[in-house]
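Before any comments, here is the structure.
Residues take their numbers from the sequence shown, with the count starting at 1. The structure displayed is predicted, hence computed values, not measured ones. As a basis for the values below, the full set of heavy atoms in this structure was taken, side chains included, without hydrogen atoms, waters or symmetry mates.
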Amino acid sequence: MGGESIHRELDARAAKVSEQVVAWRRHLHRHPELPNREVNTARLVADHLRALGLDEVRTGIAGHGVVGVLRGAAPGGGRVVALRADMDALPVKDLCGADFASEAVDADYPGGPFPVSHACGHDCHTAMLMGAATVLAGVRDRLPGTVLFVFQPAEEGPPVTEEGGARAMVEAGAFADPVPTMAFGMHVTPYPKGYVGYRAGNQYGASTLVRVVVTGKQVHGSTPWEGVDPMPAAGAILTGIGQLYRQVSAFDPVTVTIGHVEDVGRFNIIGETVTLWGTVRCAVESDMAEVRRRLTTLAEHSAAAYGATATVEYLQPVPPVHNSGPWVAAGLPTFRRVVGADRVVETGATLGYDDVSELIGRFGGLYVMLGVQDATPDAAGRPVPVEGGRGLATNHSPHFYADDDTLVTGVRLHAHVAYDHLTGALVAR
Ligand SMILES: [Zn+2]
Ligand SMILES: [Zn+2]
């Protein structure tokens with residue numbers, strides 16, 4: 001059977017599994033689990049992979065990671081493609097408006113209780129890869145290589161007292177045998193439905209979590225001069241962060257966001273500490289050291305100006321998602337076949353992160369954006385909302401939504417990329 005007819009067969013098998021994929025996705029959406037707590041999600045995945053009769057289903061990797069191994073029966077070049085989906089949800093209230101919206105609350109999570117929802121769309125990623133496993137297992141007699149179905153926990157970052165995520169899976173040996181010759185991942189995003197966005201270069205930026213602890217001296221709220229109030233120092237740090245942008249080149253974007261401030265005071269008590277939690281993003285990884293150095297200086301010296309002290313820690317560093325030119329050139333024909341040439345668009349870089357970079361950086365491969373919202377591209381390729389649609393809602397927003405109709409496209413992307421890589425048609429040269 002030639003390449004063309006097997007591509008048609010992959011599509012037919014994807015269409016056949018699409019209803020099931022939508023059902024999985026809705027189930028997962030209703031039952032989201034926070035990073036490193038993906039117990040039931042991982043069980044659903046592992047049960048499905050076992051039911052498909054894969055050669056191996058490895059579970060409990062770096063927490064709740066699952067890897068399914070499908071060894072093709074056709075002779076070939078011994079290539080190994082790792083298809084990756086992330087499984088975790090976010091502490092965000094679900095206002096997506098769907099009748100399968102989440103009402104879940106995690107009462108025991110560190111720092112919680114939190115409402116939990118798939119505000120980043122990882123429910124779609126997991127369901128699409130489960131569907132791709134069905135499709136590819138159905139043609140295993142014609143696969144000239146091995147497919148790894150990688151279901152990853154804690155993409156959004158585990159609690160700071162825990163390990164987890166893609167790097168932890170690598171360190172646990174998940175990719176030691178067999179070693180992938182390509183990794184592939186995608187992310188649902190506020191682009192027009194069914195569009196594939198790609199970028200040669202850094203698709204996503206480098207990221208690190210930052211924790212700043214400002215320490216003063218606890219005292220009664222009526223006598224601040226007898227203690228040291230850490231609050232104004234924290235305020236000075238927050239304000240000063242706005243100047244960091246002007247201290248590194250404006251041509252490569254950086255972002256420093258403090259998303260959470262935690263104090264231990266009370267209306268009549270000046271607390272001992274204020275802790276700032278945030279994230280640093282750099283479009284170019286080499287800027288990261290400079291931004292960190294300047295943020296640390298800002299925090300320490302701002303605190304000193306108020307008689308307080310500050311300690312600054314950088315945790316959970318993630319390298320940028322980099323698509324090399326040769327890999328992009330190799331992947332474009334596949335993407336164009338799957339969604340049509342007019343729906344494959346070059347996109348700008350963003351300062352999101354995805355720790356799939358740990359796999360693509362090690363093994364080579366590609367990462368693309370999959371549009372799932374009611375939008376149409378303008379002349380410059382930017383998404384604009386369509387009339388009567390649900391508008392554009394970014395990932396991590398409580399209003400984020402993903403249209404079910406597009407999931408089958410993600411299944412087809414996985415299946416075509418895998419087949420094309422194993423046959424040697426999709427290889428960086
Ligand atoms: Zn996210
Ligand atoms: Zn995400």
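- Between Gly325 and Ala200, the closest heavy-atom pair is CA-CB, 4.5 Å.
- Considering every non-hydrogen atom in both Ile258 and Ile241, the closest pair reads CG1-CD1, 3.7 Å.
- A donor-acceptor contact closer than 3.5 angstrom is absent between the side chains of Glu155 and His125.
- Atoms CG and OH, from Leu370 and Tyr198 in turn, are 16.0 Å apart once rounded to the nearest 0.5 Å.
- For residues 400-421, the salt bridge (Lys or Arg N to Asp or Glu O under 4.0 Å) pairs, not counting sequence neighbours, are Asp11-Arg412, Arg25-Asp404, Arg26-Asp404, Lys193-Asp403, Arg337-Asp420, Arg390-Asp403.
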Can you give each donor-acceptor pair under 3.5 Å made by side-chain atoms of residues 357-367, sequence neighbours left out, with the distance rounded to 0.1 Å?
residue : atom : partner : partner atom : Å
Ser357  : OG   : Pro319  : O            : 2.7
Ser357  : OG   : Asp354  : O            : 3.2
Glu358  : OE1  : Arg362  : NH1          : 2.9
Glu358  : OE2  : Arg167  : NE           : 2.8
Glu358  : OE2  : Arg167  : NH2          : 2.7
Arg362  : NH1  : Glu358  : O            : 2.8
Tyr367  : OH   : Asp354  : OD2          : 2.6

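- When all heavy atoms are compared, the tightest approach of Leu392 to Pro383 is CD1-O, 3.6 Å.
- Between the side chain of Thr257 and the backbone N or O of Gly278 there is no donor-acceptor pair closer than 3.5 Å.
- Proximity of a side-chain donor or acceptor of His118 to a complementary backbone N or O of Cys120 within less than 3.5 Å is not detected.
- Pairing each heavy atom of Ile237 with each of Ser302, the nearest pair is CG1-CB, 3.7 Å.
- A donor-acceptor pair is defined here as one N or O able to donate and one able to accept, closer than 3.5 Å; such a pair exists between the side chain of Thr350 and the backbone of Gly352.
- Between the OG1 atom of Thr296 and the NE2 atom of His301 there is a distance of 10.0 Å, given to the nearest 0.5 Å.
- For Ser207 and Arg281, the side-chain atoms include at least one donor-acceptor pair closer than 3.5 Å.
- Taking each heavy atom of Leu136 and Ala418 in turn, the nearest pair found is CD1-CB, 3.8 Å.
- To the nearest 0.5 Å, atoms CD (Glu38) and NE2 (His122) are separated by 10.5 Å.
- Side chain of Arg13 to main chain of Gly138: a donor-acceptor pair is present (N/O by atom type, distance under 3.5 Å, no hydrogens or angles).
- Side-chain contact check for Thr189 and His187: no donor-acceptor pair (N or O, by modelled atom type) lies under 3.5 Å.
- Within a 6.0 Å sphere centred on CZ of Arg382, other residues, nucleotides and ligands contribute 12 heavy atoms or fewer.
- Asn323 CG to Tyr204 OH: the interatomic distance, rounded to the nearest 0.5 Å, is 11.0 Å.
- The backbone N or O of Thr41 sits less than 3.5 Å from a side-chain atom of Glu33, completing a donor-acceptor pair.
- Using a 4.0 Å cut-off between a side-chain N of Lys or Arg and a carboxylate O of Asp or Glu, Asp55 and Arg140 qualify as a salt bridge.
- Side-chain atoms of Thr223 never come within 3.5 Å of backbone atoms of Glu226 as a donor-acceptor pair (strictly under, hydrogens ignored).
- The closest donor-acceptor contact from the side chain of Asp94 to the backbone of Cys96 lies under 3.5 Å.
- For Pro158, the side chain to side chain contact (heavy atoms under 4.5 Å, CB included) partners two or more places apart in sequence, or in a different chain, are Asn36, Ala154, Glu162, Gln316.
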Inset, instruction - Begin from the C-alpha positions of His399 and Thr394 and carry the test side chain to side chain donor-acceptor pair (under 3.5 Å) through to its verdict. - result: CA-CA 8 Å; His399 301 285; Thr394 61; over 6 Å; no
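- Note that NZ of Lys217 is 13.5 Å distant from OG1 of Thr309, once rounded to the nearest 0.5 Å.
- The backbone N or O of Gly391 sits less than 3.5 Å from a side-chain atom of Tyr401, completing a donor-acceptor pair.
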Just list the side-chain donor-acceptor pairs under 3.5 Å for residues 99-112, sequence neighbours left out, or say none.
residue : atom : partner : partner atom : Å
Ser102  : OG   : Ala104  : N            : 3.0
Ser102  : OG   : Val116  : O            : 2.6
Asp106  : OD1  : Asp108  : N            : 3.0
Asp106  : OD1  : Tyr109  : N            : 3.1
Tyr109  : OH   : Pro35   : O            : 2.8

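- Applying the 6.0 Å contact sphere to CD of Glu163 captures no more than 12 heavy atoms from other residues, nucleotides or ligands.
- Looking at residues two or more places apart in sequence or on another chain, you find a side chain to side chain contact (heavy atoms under 4.5 Å, CB included) between Asp263 and Met231, Val274.
- A donor-acceptor contact shorter than 3.5 Å links the side chain of Gln373 to the backbone of Ala393.
- Under the rule for a side chain to side chain contact (heavy atoms under 4.5 Å, CB included), the partners of Val69 that lie at least two apart in sequence or sit in another chain are Glu56, Arg58, Val67, Arg71, Thr146, Leu148.
- With hydrogens and angles disregarded, no donor-acceptor distance shorter than 3.5 Å links the side chain of Thr273 to the backbone of Thr215.
- Atoms CG and CG, on Asp355 and Asp86 in that order, are 7.5 Å from each other to the nearest 0.5 Å.
- Taking a 6.0 Å sphere around CD of Gln20, one finds it holds more than 12 heavy atoms contributed by other residues, nucleotides or ligands.
- Remark: the His421 side chain and the Thr334 side chain contain no N/O donor-acceptor pair separated by less than 3.5 Å.
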